[in-house]
Amino acid sequence: DSYIFVSGGFSMNLQQLELLICTAELGSISKAASHLHVSQPNASSSLKSLEQELGFQLFKRNSSGIQLTELGNDAVKQARIILHHSDRLRSLSLVEKPCRFHLALSEYTPMSMAFEQMVIQYQEHTNLDFTCETLNVQDGYSAVYDFSVDLFLMLYVKDTQAELEKNANKHHLLFQTLAEIPVCINVREGHPAIRNDALDLQLLEQYPYVDYIKSDLDRSVSRILSGDTVIRYKYKIAVQQKTTRCRLVGTTDAFSIGCQLPGPILQKFGMRPFQLDIPGFGVAALMREEDRHNPEILCYLNLLQQILNTL
């Protein structure tokens, strides 16, 4: 793990750390200054003072603006942790403490469905801080570690579990397995390749395959299918949005391959799944060890488990 050690006295303040994080996120000192309502000269001077105190350069300039140095990236991670604990200290005296739940997840429908159900359950609260974003596995680990998110839900290929658990232990994070999800071929109801209530893979070769343009999930599907199971197709259609993919499968003779979807989604788009006889994906939750009893995390995981149990 990377930590920042500075000898001597400290004069840095929380405003400097907030400026550091904002500059890193926006990629511009001027944009960060505007966002935090300070002048650009003051922002530049503040970051320079922080660099002098830390003893290393935080940013380097390139053709597109500024970029974090390696040590600067470590500094941002530690700054997020410090600001998180500062916020917790400030909330101790509040009569009604903010209800925070920052979620990151893989691109899988049941995970977002559980978040939507959780928002409905908490809608009577007057001080909510709920967020949900999609991250890849590497960024998900970093986000949990530096307190950007409280929980990361991931899909993973089963033979990578040992490596994922090792990485979690290295950063003092809790890796909790939740379920194994079958891999299915999805086609529309009444597809020409359905014969005697089964899917004829030879007939399926005559039809297009709908893939995502960029997706960790679909790269994992390709990895799983690179063994004995080979799925051929006429040509590939690449899309960005999952709803577009579902509509294409439900209204044309194109097919998709992926994790088992919930019944309401299949019914909504008129799709029918055919499970492949291959190992499925694992679903796991990643959180900080001290947050294992966090009520919001437990609530979300319970809602997600209920959805997964219906698959």
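Since we're looking at a predicted model, the values are computed, not measured.
- Heavy-atom neighbours of His102 NE2 from other residues, nucleotides or ligands within 6.0 Å: above the threshold of 12.
- A distance of 6.0 Å or more separates the ring centres of Tyr233 and Tyr207.
- If you look at Phe255 and Tyr209, their ring centroids are closer than 6.0 Å.
- Residues Leu103 and Phe130 are not in side-chain contact: their nearest non-hydrogen atoms beyond the backbone lie 4.5 Å or more apart.
- Under a cut-off of 6.0 angstrom, the local environment of CD in Glu70 is sparse, with at most 12 non-hydrogen atoms contributed by other residues, nucleotides or ligands.
- Annotation: Gln52, atom CD; neighbour count of heavy atoms from other residues, nucleotides and ligands within 6.0 Å is above 12.
- Between Asn309 and Gln305, the side chains place a donor N or O and an acceptor N or O closer than 3.5 Å (distance only, hydrogens not considered).
- When all heavy atoms of Leu303 and Gln121 are compared, the closest pair comes out as CD2-NE2, 3.4 Å.
- Closest heavy-atom contact between Pro279 and Val183: O-CG2, 3.9 Å.
- Taking each heavy atom of Leu261 and Met271 in turn, the nearest pair found is CD1-CE, 3.8 Å.
- Checked against the 6.0 Å centroid threshold, Phe152 and Phe175 do not count as a close aromatic pair.
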>> For Asp253 and His191: C-alpha separation, side-chain torsions, deciding distance, then whether side-chain contact (heavy atoms from CB on, under 4.5 Å) applies.
In response: CA-CA 6 Å; Asp253 289 336; His191 193 282; 3.7 Å; yes
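- Seen from the ring of Tyr212, Arg245 counts as a face-on cation partner, given the 6.0 Å and 45° thresholds.
- Side chains of Glu165 and Gln161: a donor on one and an acceptor on the other come within 3.5 Å.
- Side-chain rings of Phe281 and Tyr156 stay apart, their centers remaining 6.0 Å or farther from each other.
- Within 6.0 Å of the CD atom in Glu163, the count of heavy atoms belonging to other residues, nucleotides or ligands does not exceed 12.
- Electrostatic pairing of Lys236 and Asp211 counts as a salt bridge here, judged by a charged N lying under 4.0 Å from a carboxylate O.
- A donor-acceptor distance shorter than 3.5 angstrom exists from the side chain of Ser112 to the backbone of Thr109, with no hydrogens or angles considered.
- Within 6.0 Å of NZ in Lys158 there are more than 12 heavy atoms belonging to other residues, nucleotides or ligands.
- In summary, the side chains of Ser45 and Asn42 do not present any donor paired with an acceptor at a separation below 3.5 Å, with no hydrogens or angles considered.
- Using a cut-off of 4.0 Å between Lys/Arg side-chain N and Asp/Glu carboxylate O, Lys234 and Glu205 are scored as not salt-bridged.
- The nearest pair of heavy atoms linking Glu107 to Lys242 is OE2-CD, 3.3 Å.
- The environment of CD in Gln202 is sparse: at most 12 heavy-atom neighbours from other residues, nucleotides or ligands sit within 6.0 Å.
- Proximity of Phe59 to Leu20: side-chain heavy atoms (C-beta onward) are separated by under 4.5 Å at one or more points.
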From CA spacing to verdict: ring-ring contact (aromatic ring centres under 6.0 Å, His included), Tyr300, Phe115: CA-CA 7 Å; Tyr300 173 82; Phe115 180 75; 7.1 Å; no
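- Under a 4.0 Å N-O distance rule, the pair Asp146/Arg80 qualifies as a salt bridge.
- Taking the ring centre of Tyr145 as origin, the terminal cationic atom of Arg288 falls outside the region bounded by 6.0 Å and 45° from the ring axis.
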